[in-house]
Protein chains: 2
Amino acid sequence: MTPPPAKKRPTIDDVARVAGVSRGTVSRVLTGGHWVSPDASAAVTAAIAETGYRVNPHARSLATSKANSVAFLLTESYERLFDDPNFAILLRGASTALAQSDIPLVLLMAGNEAEQRRATEFITGGHVDGVLLVSSHQGRQDFLPEISRAGVPAISCGIPLGFERKIGYVAADDFSGAQEMVRYLRSIGRTRIGTVAGPQDTSGGLSRLRGYRDELGDDVVEDRIAYGDYGFASGERAMHELLERAPDIDAVFVGNDLMARGAIKAIESTGRRVPEDIAVGGFDDSPAALDGSPTITTMRQPFERISQEMVRLLLAAIAGEATAAMTIPTQLVRRESA
Amino acid sequence: MTPPPAKKRPTIDDVARVAGVSRGTVSRVLTGGHWVSPDASAAVTAAIAETGYRVNPHARSLATSKANSVAFLLTESYERLFDDPNFAILLRGASTALAQSDIPLVLLMAGNEAEQRRATEFITGGHVDGVLLVSSHQGRQDFLPEISRAGVPAISCGIPLGFERKIGYVAADDFSGAQEMVRYLRSIGRTRIGTVAGPQDTSGGLSRLRGYRDELGDDVVEDRIAYGDYGFASGERAMHELLERAPDIDAVFVGNDLMARGAIKAIESTGRRVPEDIAVGGFDDSPAALDGSPTITTMRQPFERISQEMVRLLLAAIAGEATAAMTIPTQLVRRESA
DNA sequence: CTGAAAGCGCTTACAG
DNA sequence: CTGAAAGCGCTTACAG
């Protein structure tokens, strides 16, 4: 009945006093309500409402030694980051999935080594209970051993090259997706199919090229293969290269949509038309596939699903379950470019 | 000299024991090193290295009642979010600037009302010391009063419509930028200049249209004004509308680059050419201005600068300084579209 | 089902 | 400059 102290935030003691119970009982209803009588529970609930009580997250974390938060660690060069909407989609998906469990997302951007050190420091320092790893490039993962040594669970987006067996991951089925795109291009009558492959130190870049090779089998012609870095400009450049080396190609499978946009620009700049002269297939189904002309036929990566599964696996790992790896199928989306 | 306890993380007590000083002294060097003798300081530093001690952030936060973290609150529909790279750039800028002070960024995405409630709860719950507000649309800010009532400092990106006087902000000079673009279009000989304006419940959309009107003065023709929502598709649609209503326009100022891409698609689909028949000026200098053909002449918004200043003002506000508002000039970037 | 008590790991006046 | 002590606000065995 005593009104809570003037200025300060009410604490658990204030609630206990108002409810006429002990601090322990208040804490019990706060942490799940088990082993509390209905009467006590009701009194506490009322007292919480009356006092406007909110749990102090730091005190709780100190007592439980759980941070109740998760890190989203992005180790990617900044250029890629802004160019590539996939990251934003992953971020949203993860944030939303975590919100369901009332767990905030701490965003850690570590594009260079100094930032990676800082991020590692932060993660192993007890600020978070686990980490969602989004770092496509190999070699940007020197911190992985340190994190796992510290016992902080982590789940990777895409196969963590070199750590496949050490940390869990969720990846799109890049290999089969690439196969399917090539198969599709053949099905519409194309016979000289080139590719602009993504970076070969990423699992996606690697697997998609492998899928392309596998599907083509004996029809693979090395001159029809060029490489980019997933950026728009690199797609444009690689396509010019391809047109020079193999001017007779009638289709090209490009490692992601953004490079596909660049490739289309290159193709059109030589007076050829898409898809009439050269059909273009992309990968991702990112906004880049839609925002421009022609719209791009592509393999859809289910990023919402991927981020959801990542969160699910991470939460499970934090709860002590064994980690796991999963692969999720991609889906052909037909549009104007092929 | 005693080795630290086996499994547990070393605490400040372990350090004190190894260094042969009291806990208070260790804490003093941890928190700045003032009022500590050189000898003691050296001993503590050595002990920290020896034990591998790391401060427990929760314990520190509980004792100081400071969270040592800052929220980045994004209240924007998800579609916009992925379409618009500006958010990513702001995010990066803020993250980098905060990292300098060793302050992590907690990302809060609140696209709908339920998420906003949750975010407000989180912010006023003591999880963070301040918030960077990125929410262009008015009406998405019902939570502002509650946050300021809780005494949590906030700095807005762009003018917080309806709260101009209550919370600090950093905004690009949209009005002058729009004026300059129109002036430029005139300087290259265009006389019938239309505009695709952004959403009129955002300070940017509002001010840019105002700048357009102001610069044109008596030459404003209402039929040459259409509206979009900053998305690609809306730019395309609005441009078609404009071409119907005012087929003789020879230039168009579009409220952002992404809509400008859509407008270009619309223009070219009618057989007209950019910039020969219709010159197109955008706003932002986002990747969309570069990733496509033709590249877009635009007004550069200095987002790195904006995010830096936001962080600076927020940190100052957290430190108890009075809040402030600042406006930063934009810059014309000439490319192919005009 | 409930209360009293110890403990989580730090910081910060207070004396000296 | 330094140590002893109180305090930050919670949780969780432990008895009952």
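In what follows, chains carry the letters A, B, and so on, assigned in the order in which the sequence lines appear, proteins first and then strands, with residues in each chain numbered from 1.
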Say you pick atom P in D/dC14 and the same atom in D/dC10; how far apart are they, in whole Å? 24 Å

Integer angstrom distance from the P of D/dA5 to that of D/dC1: 23 Å

Once Watson-Crick and G-U wobble pairs under 3.5 Å are found, how is DNA chain C written in dot-bracket notation, 5' to 3', with | for any base paired to another strand? |||.||||||||.|||

May I ask you to decide whether B/Glu121 forms a salt bridge with B/Arg117, counting only side-chain N to carboxylate O separations under 4.0 Å? no

Reported CE-to-CG distance for the pair B/Met326 and B/Leu313, which is rounded to 0.5 angstrom: 6.5 Å

If you walk 5' to 3' along DNA chain D, what is the first nucleotide with an atom under 4.0 Å of a heavy atom in chain A, and what is the last? D/dG9 to D/dA13

If you draw a 6.0 Å radius around CD in B/Glu164, do more than 12 non-hydrogen atoms from other residues or ligands fall strictly inside? yes

For B/Ser65, which contact category applies under a 4.0 Å heavy-atom criterion: base, sugar-phosphate, or nothing? nothing

Position toward the 5' end of DNA chain C (nearest nucleotide), A/Arg23 or A/Pro38: A/Pro38

Name each donor-acceptor pair under 3.5 Å that joins a side chain in residues 63-74 of chain B to protein atoms two or more places apart or in another chain, with its distance.
from, atom 1, to, atom 2, distance (Å)
B/Thr64, OG1, B/Arg60, O, 2.8
B/Thr64, OG1, B/Lys66, N, 3.3
B/Ser69, OG, B/His127, O, 3.1

A/Thr11 side, atom OG1; A/Asp14 side, atom CG - distance, nearest 0.5 Å: 4.0 Å

So the salt bridge (Lys or Arg N to Asp or Glu O under 4.0 Å) pairs with at least one residue in residues 312-321 of chain B (sequence neighbours excluded) are B/Glu309-B/Arg312

A/Asp39 meets the salt bridge (Lys or Arg N to Asp or Glu O under 4.0 Å) criterion, sequence neighbours left out, with none

Specify the residue among B/Thr64 and B/Ser37 whose closest nucleotide of DNA chain D lies further upstream toward the 5′ end. B/Ser37

Flag the pair A/Leu132 / A/Cys157 as yes when at least one side-chain heavy-atom distance between them is below 4.5 Å, and no otherwise. no

Under 4.0 Å from any atom of DNA chain D, heavy atoms only: list the residues of residues 53-61 of chain A that qualify, in numerical order. A/Tyr53, A/Arg54, A/Val55, A/Asn56, A/Ala59, A/Arg60

Side-chain heavy-atom pair B/Pro145, B/Phe163 within 4.5 angstrom cut-off: yes

Test your reading of the model: is there a side-chain donor-acceptor pair from B/Ser37 to the backbone of B/Ala40, 3.5 Å cut-off? yes

Keeping the roles fixed (side chain from A/Ser27, backbone from A/Arg23), state whether a donor-acceptor pair exists under 3.5 Å. no

